[in-house]
Amino acid sequence: MGHTLRFAKTILIIVFGVVFLGTVGGAIYLNKVGFPGQYGNWLQSKLSEKGLHLSFNTLHYDLRRGLIATDVEFYLQEGDGQPMLEAREVIIDLDKTKALRGKLRLRKLEILDGTAQIPVDDNGRLVTANDINGALVLTDNNRAQIDEATGMIEGIHVSFSSDLKLQDRTKKNPKTSDQNQIYKILSVVLDELALWTMEPDTPPELSFSTRGDLNTPERMSTRFSLEAQNIARKNYQLNRLAIAGDFKGQLITLDQVLLEDASGAAAGKADWSILRREGRFDLTSTLQLQAFLKSSYDIVILQDLSFEEAPLIDVVGTYAAPVGQPFSVKARGNARINRFQFLDSPYEGLSSEFSWQDGDLY
């Protein structure tokens, strides 16, 4: 019995040794010569079946990092002439046991040093994203997951996470306009931040997190946040700007709007219905709102009033932009003002409720 056990152990050691040496030897060989074209073509075909259309220059195996494709181009649809993303390297994590049997189970794609041309509106406007790094995980239940992919877009550091069910290839693609939640938000943010100056060493941080089903994009939800330090719009300097909210269906909700300057801060919330073109807001401010609106947006309010210090204002209201009609704002609230002048007459203070109707103060 003991002799049999020792013999079995010896056989197992030899088998494991042969398998190990064969694996290492094969990996070294593949790392040196690269995968043959037939395997690369097979891999492209299998990835295409999963909706990932790509081409690459070389494909080889690295002992430490795994299967690596170089000079990779990703395409939105098979046969597209323009890639949606290019990457210096893509690390492909496959189930190696199944790959040896000719079956593909893709675990993860890790993109290194990518560049993308991103459409941000329906008029063909493109912005360039550089230094893209991140990992895409494809699950067995046909979901694509991205955890904090990062990149730079026009001086803004952008991070992106997602958990999306991929499109059913047996159904027609949904309308492109329904898929562009992130692009719509990005377009608005880029347009606004283009009017601001900022420190190059501290770029604004913009992040997105998207969940949903690509077969029903109108039900997808996107969380977003923007954080910026030491920025100025025209001549008005802000120490901090922070915005956070979500975009779901046709409704944008801002859970946080925060502006801070040397005099104080303004904090509030808002929402906007894209379909109805109207929204609501509330705001509490110790900011020099007069100076901010005049310097930043050329909007003059309360021109007969001048403040020695920033007033405390609490306000709630609605705003609307009906098609073919002027922008409308209606609000009510209360204000507390210390030491101010009205029509050249000085006053020690004032507390009052007020209403605002499209430029008229009551």
message: So for atom CZ, which belongs to R88, do other residues, nucleotides or ligands contribute more than 12 heavy atoms lying within a distance under 6.0 Å?
response: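 Yes - once you tally the heavy atoms of other residues, nucleotides and ligands closer than 6.0 Å, there are more than 12.
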
task: Answer yes or no: does atom CZ of R223 have more than 12 heavy-atom neighbours from other residues, nucleotides or ligands under 6.0 Å?
output: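 Yes.
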
task: May I have the step-by-step check of side-chain contact (heavy atoms from CB on, under 4.5 Å) for M220 and T210, ending in yes or no?
output: CA-CA 7 Å; M220 290 171 53; T210 300; 3.5 Å; yes

- prompt: Would V316 and L254 show up in the same hydrophobic cluster when neighbours are defined by side-chain heavy atoms closer than 4.5 Å?
  reply: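 No, no single cluster joins them.
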
- prompt: Hey, mind stepping through R240 and L259 against side-chain contact (heavy atoms from CB on, under 4.5 Å) and telling me if it holds?
  reply: CA-CA 6 Å; R240 183 188 177 200; L259 298 86; over 6 Å; no

Are any side-chain N or O atoms of [X] and backbone N or O atoms of [Y], one a donor and one an acceptor, separated by less than 3.5 Å?
| X | Y | result |
| --- | --- | --- |
| R277 | A321 | yes |
| T115 | N130 | no |
| R233 | L195 | no |
| D113 | D131 | no |
| D271 | R280 | yes |

query: How long is the span from the CZ atom in F160 to the OG atom in S209, to the nearest 0.5 Å?
result: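 Between F160 CZ and S209 OG, I get 8.0 Å after rounding to 0.5 Å.
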
task: Test I68 against every option in V90, I91, T58 by the side-chain contact (heavy atoms from CB on, under 4.5 Å) rule and name the one that passes.
output: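 The residue from V90, I91, T58 that satisfies side-chain contact (heavy atoms from CB on, under 4.5 Å) with I68 turns out to be I91.
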
field: Option from N133, I146, L85 for which side-chain contact (heavy atoms from CB on, under 4.5 Å) with I111 holds
entry: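 For I111, the side-chain contact (heavy atoms from CB on, under 4.5 Å) test succeeds with only one of N133, I146, L85, which is L85.
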
To check you understand the geometry: which heavy-atom pair defines the closest contact between [X] and [Y], and what is its length?
| X | Y | result |
| --- | --- | --- |
| L164 | R211 | CD2-C, 3.8 Å |
| I252 | F247 | CG1-CD1, 3.8 Å |
| A87 | L112 | CB-O, 3.9 Å |
| Q237 | A232 | OE1-CB, 3.5 Å |

task: Would you mind reporting whether E89 and R65 have side-chain heavy atoms less than 4.5 Å apart?
output: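 The answer is yes, as the side chains (C-beta and beyond) meet within the 4.5 Å cut-off.
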
task: For the residue pair F281 and Y319, categorise the inter-ring angle as parallel (less than 30°), tilted (30 to 60°) or perpendicular (more than 60°).
output: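 The rings of F281 and Y319 sit tilted, inter-plane angle from 30° to 60°.
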
